[in-house]
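What follows is a single structure, written as C-alpha cells, with notes after it.
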Amino acid sequence: MIDYKDIETKWQKAWEDAKVFQPEPNDKEGLLVTAAIPYVNSPPHIGHLRTYGTADTYARYMRMRGRNVLYPFGFHATGTPVIAFAKRIAKGDKELIDELKLFHVADEDIKKMTDPVFITEYFIRAQEADFRRAGMGVDWRRKFVTTEPLFSKLIEWQFSKLKEKGLLIQGTHPIGWCTNESQPVGQHDTKNDAQPRIEEITVVKFKDAESDAYFVCATYRPETIYGVTNLFVGESVGYVSAIVGGERYYMSLESTHALARQMKIEVEKTVDVKDLLARHAINPVTKETVPVLPGFFVKADVGTGVVMSVPSHAPFDYAALERLRAGNYALPQMEYKKLIEVEPLNGVSVGRSWTEGKRGRVTHPEIPALAYLELLNTNTMAVESSLEFATKLIYREESHWGVMLVGKYRGLKEAEARENLKKDLTASREAFFIYEISNQEPVYCRCGTKVVVNVVSDQWFINYGDDNWKNEVSRVLLKMRIYPDKYKHTFDAVVDWIDARATERAQGLGTKFPLNPEHIIESLSDSTIYMVFYTFVHILRQWDVHPEQLSAEFFDYVINSVGDVSVVARITGIDEIAIGKCRQSLQYWYSDTSRHSAPDLVYNHLVMYIFNHVALLPPPMWPKQIVVNGMVNYEGEKMSKSLGNIIPLGDGIAKYGSDPMRFIEIAGADLDTETEFSVDSVNSILSKNETLYGAVDVLNAMNGVELEHIDYWMYSRINTRIAKATEHMDRLEFRDAYTEVYYNALRDMKWYMDRGGHNHVVMRDFLESAILMLAPIMPHFAEEMWHRTGGTSLVVQEKWPEPNAGLVNAAVEDVESVIEGTVDDIAEVIQLSSKIDANKNKRISGIKIIVADNWKRIAYNMLLDHRNIARVVKDPGLKGVDPGKVAKFLGPFVNRLPTLFKVPEVDSKEVYDGFRGSAGYFKKLFRAEITVEMEGASASPRAGRALPTKPSIEVIWA
RNA sequence: GCAGGGGUGGCGGAGCUUGGUCAAACGUGACAGGCUUAGGACCUGUUGCCUUAGGGCUGCGAGAGUUCAAAUCUCUCCCCCUGCACCA
C-alpha cells in the first residue's frame with residue numbers, strides 16, 4: 001500500500017532541501033508561470049486545486065522540458081470582502097461561523113476574526129500550508145499580499161502612469177444606491193443578494209400646448225414617437241410640477257424621489273390629475289397636438305409616471321384606449337399608424353418567433369398591437385400578464401426583424417432607428433436619459449430601504465474604451481497563445497465591448513487612490529500587473545528596502561529602463577546592485593510567461609491584465625500566453641456553501657492523498673470543461689497506482705533477454721505514446737496526454753504481461769518513461785516510484801522522455817492488433833458454434849488460425865484506389881493471381897465502397913509469424929492446440945473466408 | 001435585451017477545425033461471470049434495436065438544405081448555461 005502522507009512529506013522535504021523551486025535567472029530560457037492569486041477570506045477547498053494544480057503541472061512539465069521555470073504565489077486581500085467578513089464575525093453570523101468550523105478553524109481564532117489584519121494573516125498561513133501539502137512547486141520566497149505597503153508602491157506607480165498616459169478619465173456613472181445609508185449598493189448589500197440591474201430609459205419631452213411646462217414621457221421605444229396618439233397619466237397618481245434645469249416638468253411625485261440622485265429636481269407644487277387631463281401636448285418630432293388621457297396601467301413609481309401612447313404598437317396603450325371607449329369616454333379622432341413591419345419568415349410575420357400555445361387568427365395586421373393580442377387569443381380586457389406577454393413578444397420581434405416604415409429613419413432596422421433617434425433627441429434637448437432599477441422584483445438594501453439609482457459625477461475610470469489602446473490590445477491578442485483555443489474569440493469579443501471601468505471605491509482595503517486619497521483603488525484594478533512584483537520582491541526584502549524608497553524612478557528604471565541606475569540609487573537610497581538585480585530579474589522572467597485562471601476571470605481580470613501590461617510595460621514584456629481551466633464539481637454537483645458539499649483541501653489531501661486528487665482534477669477532464677470529483681474516480685486512481693507500484697516487483701522477477709515480437713511491440717507503443725503525450729502536453733491537453741501515459745499505458749502493460757512479455761530491460765524502459773511522464777501531475781508518487789526502480793536523482797529534475805522514432809514500428813503494432821482482435825473473434829466463434837447440436841457434449845480439441853493470402857490485402861487496397869474490380873484485376877501488381885479469385889473476393893465490397901478504408905500494409909508473412917509467435921498465448925487462453933496456416937497452404941474449407949485483418953478461424957470439436 | 005458558450009447513449013463527457021475507419025473515445029452506472037466465507041477492491045464479458053458465425057436497422061435538440069456520404073458543412077427555429085461592472 002502506498003502511504004501518500006508519508007511520500008508527500010518525504011519528497012516535499014527533499015525538493016525543499018534541494019531548492020528545486022527557487023530558481024534565479026540563468027543561461028536557460030526562462031518561463032514565468034502565474035495563476036490568479038486567491039482571495040484570503042477562507043482556507044482553500046478542493047476546487048482551488050484545479051487552477052493552481054494545472055499551473056503547477058504545466059510548470060513542472062516545462063521544467064522537465066529544459067526550461068528554467070518560476071512558479072510564484074501571492075495573496076489577494078484588497079476590497080471589501082475582508083472588512084465585510086470582520087463585520088459578519090462581529091455580528092456573530094452563524095452561517096459564516098459554521099462554514100469556518102467546516103474548515104476546522106478554532107473557536108479562539110474565529111473570535112479574533114473581527115480584525116481584518118488577523119483575518120488576512122490567518123488565511124494566508126492556512127492557504128500556504130495547504131498548497132504546500134498539495135505539492136505546489138512554488139517559490140515561496142516571493143510571496144506577498146496585495147495589502148502590504150511595498151506592493152502599494154507598485155500600484156501607485158501604475159496609476160500615476162495611467163494618468164500620465166491619459167487613460168484615467170472622469171465622468172458620471174450610474175450605480176445602485178441606498179438613500180438611507182448613503183452608500184453604493186452591490187449584490188452583497190441587498191436582500192436575497194439580488195444584483196441591482198440598471199436600465200437606461202429615454203424620456204421624451206412633450207410641451208404643454210397651453211403653458212411653458214413639459215410632459216416628460218419615459219419610454220423604451222422612442223422611435224415609436226411617430227405613432228403617438230395621446231399621452232397617458234394615472235388617475236390615482238399624485239403629480240407635481242417640478243423645476244429641472246430651469247424647465248418645468250409634469251411628473252409623478254414618486255418619480256421625483258427616485259430620480260433625485262440623477263438630476264437636480266425642485267418640486268414646485270402638486271398638480272391635480274384632472275388639471276393634466278384637460279391639457280394637450282405637442283409631439284416634439286411630428287409637432288402634432290395630442291390629448292392627455294387616463295391610462296389604467298400607469299404607475300407612479302415607474303419612469304416618470306407619464307407615458308406616451310402608441311396604440312398601434314403597444315398593447316397596453318391599445319387596450320387602455322379601447323377600455324376608455326368601452327366606458328364611453330369621449331375620445332377624439334385618432335389615427336393608428338403602423339410604424340414598423342416585421343420581415344416574415346416562412347410567410348409568418350406576426351408571431352414568427354412564437355411556437356407554443358394556441359395561435360389565434362390574425363385579422364388586423366395593420367394594427368400590430370391588436371394583431372399580437374389576436375395571435376395570443378386574448379383581448380383588450382385581458383389581465384395585465386397577458387398584455388405584458390404581448391408587449392414582450394411584439395418588442396422582441398420588432399426589435400429583431402422590424403423595419404421602419406415611417407420617419408427620418410424609414411427603411412432602417414428598428415433597433416438602429418432607435419439608437420439614431422436617441423442621439424438626435426438628446427442632442428436637440430428634446431429628450432434625456434434616466435436610469436432605473438430594472439429587476440422584476442424591487443431591490444431592497446439590507447437595511448430595508450428600496451435601492452435607487454445614483455448618478456455619481458467626477459468618478460474616475462480606467463478608460464478601457466480608448467480606441468488606440470483597444471487596437472493595440474487586439475494586435476497583442478493575435479500573437480498570444482490562448483488555451484483552450486475557443487477563448488480567443490471570447491477575448492476578442494470582450495476587448496471589443498469593454499468600456500471605461502470605475503476604478504476608485506469609497507470603502508475597503510487597498511492602496512489609496514492617488515487622485516483622491518479619500519478613496520481606495522478598486523480591487524480588480526490593483527491586481528493587473530502584480531506578476532511583475534514576483535520577479536523582484538524577494539530582492540527588495542533581502543536588501544531591506546522600505547516602501548517609501550520605491551519611488552516612481554525605481555519602477556521607471558526597473559520596468560521601462562528609464563533613467564540611470566546611479567541616479568535612481570541616489571534618489572531612492574537603494575543599492576545600485578539591488579536595483580540592477582531587480583531589473584535583470586524582471587527582464588529575464590518576463591521573456592516568457594503563462595497566465596492561468598478559471599473562466600470567471602476572462603471577462604474582467606484577464607482582459608484587464610492584457611490592457612495594463614500593454615499600457616505600462618515595454619513590448620517584450622507583454623502577455624504571451626493565457627490558460628483558462630474549468631471548475632470542479634463534486635459528485636455531480638457544483639460545490640457551494642448552500643449544498644454544504646465543500647471539501648477543505650486539507651481534508652481531501654488527508655483522505656485521498658494529494659497526487660490522486662491532482663490527477664482527477666487536472667487530468668480528469670479537458671482543460672476548459674468542469675471536472676468531476678468523486679470518491680469513485682479517486683478510488684480508481686488509487687488502485688491503478690497500486691498496480692503500477694506492484695509492477696516494480698513484477699519487473700524485478702523478469703529475466704527475459706532476447707527481444708521477441710511482443711517486446712518490439714512494447715517499444716513501439718512506449719515511443720508512440722511518448723510522442724503523442726508530448727504533443728498533448730505542449731498544447732496543455734492534460735487529459736489526452738494522461739489518457740495516453742496512464743490509462744492506455746497501463747493497458748499496454750497488462751497486455752504485455754498477458755502475452756507473456758518478460759523482458760527486464762523492456763519493462764524497465766516502459767516503467768521509467770511512465771514515471772517520468774507522471775512526474776508533473778503526480779510528483780510525489782512519481783518520485784517514490786523513481787527511487788523504487790533504482791533512481792538516485794530527483795525525478796522532478798529529470799528530463800521528460802524523448803520519443804525514439806526508430807523504435808516505432810507500425811507493422812508490429814498492426815500485427816498485434818490483428819492478434820488482439822482475433823482473441824475476441826475466437827471466443828465468439830467458440831460461443832456460437834458450441835450451440836450447434838453437432839457439438840453438444842464435445843470439447844474443443846484444436847483451433848486453426850488461417851491467415852489471409854498476401855494478394856487479398858493488395859487487391860483490397862487497390863479496390864479502394866481503383867473503385868472498380870475490372871481495373872484491379874488488370875493491375876500489374878496482381879500479376880499471377882487468378883483473376884476469378886480476385887473478383888470473387890472483392891465482389892461483396894464493391895457496393896460498400898464508400899464506407900471502406902484501407903487496411904495496414906503489412907505482409908501476410910508478418911501476420912503469420914506473429915500468430916506463430918503467439919501460439920503459446922492462444923493455447924494457454926483457450927486450452928487447445930493451436931495451428932496457424934497460410935490460406936493458400938490450408939486445406940480447411942473455411943480458409944477462403946480469411947480477410948486481411950481477420951484470419952479465418954476454425955474450431956475443432958471432439 | 002446585449003455578448004460568449006452549449007444541446008450527443010442510463011449518467012458525465014469526447015468527437016465536431018480537416019464530412020466517411022462512429023453505435024460513437026474515455027470515465028461512471030447497470031447486468032452476467034470470475035476471485036472471495038461474505039462485502040469491498042480487482043479481473044472478464046455484455047450494456048440502442050434485431051440477429052445462434054463476425055450481419056442488418058435506427059440513431060447524436062427540431063426542421064430544411066448541400067453531398068455518393070453529415071453528430072460533423074449551410075440555413076431557420078426551439079431550449080439551456082455564463083457574464084453584463086463596484087462584484088472579487
Side-chain angles (χ1 to χ4, degrees), chain A residues 36-39 41 76-82 84 173-176 184-189 193 195-199 220 345-346 352-356 392 395-396 399-400 415 438 456 459 461 464 485-487 489-494 496-508 522-525 527 599-605 633 636 664 668-670 672-676 678 680-681 683-684 686-688 690-691 735-736 738-739 743-744 750 754 821 824-837 897-903 942 945 947 950 952-953 955:
Chain A
I37 51 179
Y39 207 87
N41 56 356
H76 199 24
T78 56
T80 50
V82 168
H173 183 226
I175 55 170
V185 181
Q187 185 169 5
H188 62 271
D189 303 313
D193 282 338
Q195 168 76 48
R197 297 187 176 283
I198 295 171
E199 199 163 55
Y220 293 106
L345 173 77
N346 300 329
R352 61 174 274 190
S353 69
W354 192 59
T355 52
E356 296 150 56
K392 264 191 188 163
Y395 181 87
R396 180 167 75 197
S399 297
H400 247 93
S438 66
V456 181
Q459 164 82 35
F461 297 82
Y464 293 114
D485 224 30
K486 67 173 185 184
Y487 281 106
H489 304 281
T490 310
F491 276 108
D492 285 337
V494 176
D496 205 32
W497 284 109
I498 195 170
D499 205 352
R501 187 192 165 89
T503 191
E504 48 164 336
R505 288 296 132 79
Q507 32 184 339
E522 181 268 329
S523 67
L524 274 176
S525 302
S527 58
D600 51 339
L601 297 186
V602 168
Y603 302 90
N604 41 61
H605 165 75
N633 277 356
I664 289 298
D670 286 330
D672 59 323
T673 59
E674 291 185 345
T675 193
E676 206 56 47
S678 66
D680 285 338
S681 57
N683 281 336
S684 104
L686 289 172
S687 79
K688 286 189 170 66
E690 293 292 342
T691 306
R735 188 170 100 120
D736 294 323
Y738 283 104
T739 300
Y743 295 113
N744 292 346
K750 188 172 176 304
D754 281 355
D824 295 341
D825 288 347
I826 293 177
E828 196 172 347
V829 170
I830 291 173
Q831 203 208 335
L832 290 167
S833 61
S834 68
K835 292 177 185 165
I836 297 169
D837 288 346
L897 258 173
T899 61
L900 299 179
F901 286 85
K902 289 199 177 182
V903 295
R942 305 193 62 82
R945 303 187 68 115
L947 300 175
K950 280 183 180 289
S952 177
I953 295 152
V955 179

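In what follows, chains carry the letters A, B, and so on, assigned in the order in which the sequence lines appear, proteins first and then strands, with residues in each chain numbered from 1.
Smallest separation of non-hydrogen atoms from A/S523 and A/H76: O-NE2, 3.2 Å. Residues A/A77 and A/V82 approach most closely at O-CG2, 3.9 Å, considering heavy atoms. Between A/N41 and A/P81 the shortest heavy-atom distance is ND2-CB, 4.0 Å.
Distance A/D600 CG to B/A88 P: 13 Å, rounded to the nearest Å. Rounded to whole Å, the distance from OH on A/Y464 to C1' on B/G83 is 17 Å. To the nearest angstrom, P of B/C43 lies 13 Å from CD of A/E690. Rounded to whole Å, atom C1' of B/G54 lies 8 Å from atom CD1 of A/I953. Between the CG atom of A/N604 and the P atom of B/A85 there is a distance of 12 Å, rounded to whole Å. One atom, CD1 of A/I175, and another, C1' of B/C84, lie 17 Å apart when rounded to the nearest Å. At whole-Å resolution of the value, CZ in A/R501 and P in B/A88 are 9 Å apart.
Between B/C49 and B/A41, the distance separating the two C1' atoms is 35 Å to the nearest Å. Comparing B/C43 with B/A88, their C1' atoms are spaced 49 Å from each other, to the whole Å. Here the separation of B/A23 from B/U74, taken at their P atoms, is 23 Å to the nearest Å. For the P atoms, the distance linking B/C35 with B/U44 amounts to 15 Å, nearest Å. The C1' atoms of B/U8 and B/G59 are separated by 10 Å, rounded to the nearest whole Å. Atom P of B/G7 sits at a distance of 12 Å from the matching atom of B/C73, rounded to the whole Å. Atom name P, nucleotides B/G19 and B/U67: the rounded distance is 16 Å, in whole Å. Across B/G13 and B/G27, the matching C1' atoms stand 8 Å from one another, rounded to whole Å.
Side-chain atoms of A/R735 lie closest to B/A14 of the nucleotides B/A14, B/A85, B/A88. Taking every side-chain heavy atom of A/K750 into account, B/U44 is the closest of B/U44, B/A14, B/A88.
Pair assignment for B/C2: B/G83, on the basis of Watson-Crick or G-U wobble contacts that are both within less than 3.5 Å. B/A71: no Watson-Crick or G-U partner with both key distances under 3.5 Å is found in any strand. Pairing of B/C22, defined by two Watson-Crick or G-U wobble distances under 3.5 Å, is not identified with any nucleotide. Across all strands shown, B/G59 remains unpaired; no Watson-Crick or G-U wobble contact has both distances below 3.5 Å. When both pairing distances are held under 3.5 Å, B/A30 makes a Watson-Crick or G-U pair with B/U46.
Using modelled atom types, one side-chain atom of A/Y39 and one backbone atom of A/T78 make a donor-acceptor pair closer than 3.5 Å.
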Output one letter per nucleotide in nucleotides 1-7 of chain B: B when a protein non-hydrogen atom lies under 4.0 Å from the base, S when only the sugar-phosphate is that close, - when neither is. S-SSS--
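Residue contacts shown for A/A415 are absent, as no nucleic acid heavy atom lies under 4.0 Å away. Base contact: A/D499 has a heavy atom under 4.0 Å from a base atom. A/H76 comes within contact range of the sugar-phosphate backbone alone, with a heavy-atom separation under 4.0 Å but no base atom that close.
Here CG of A/N604 is found 6.5 Å from CZ of A/R501. Values are rounded to the nearest 0.5 Å. In this structure, OG1 on A/T503 lies 6.5 Å from OH on A/Y464, to the nearest 0.5 angstrom.
The shortest side-chain heavy-atom distance between A/I175 and A/Q459 does not fall under the 4.5 Å cut-off. For the pair A/D492 and A/D496, the minimum side-chain heavy-atom distance is 4.5 Å or more.
Using a 4.0 Å cut-off, no side-chain N or O of A/T691 falls inside it from OP1 or OP2 of B/C42.
A residue-by-residue look at A/T739 and A/P174 shows that A/T739 has its nearest nucleotide of RNA chain B further toward the 5' end.
Scored by the ring pair (Phe, Tyr, Trp, His ring centres under 6.0 Å) test, A/Y395 finds no partners at all (sequence neighbours excluded).
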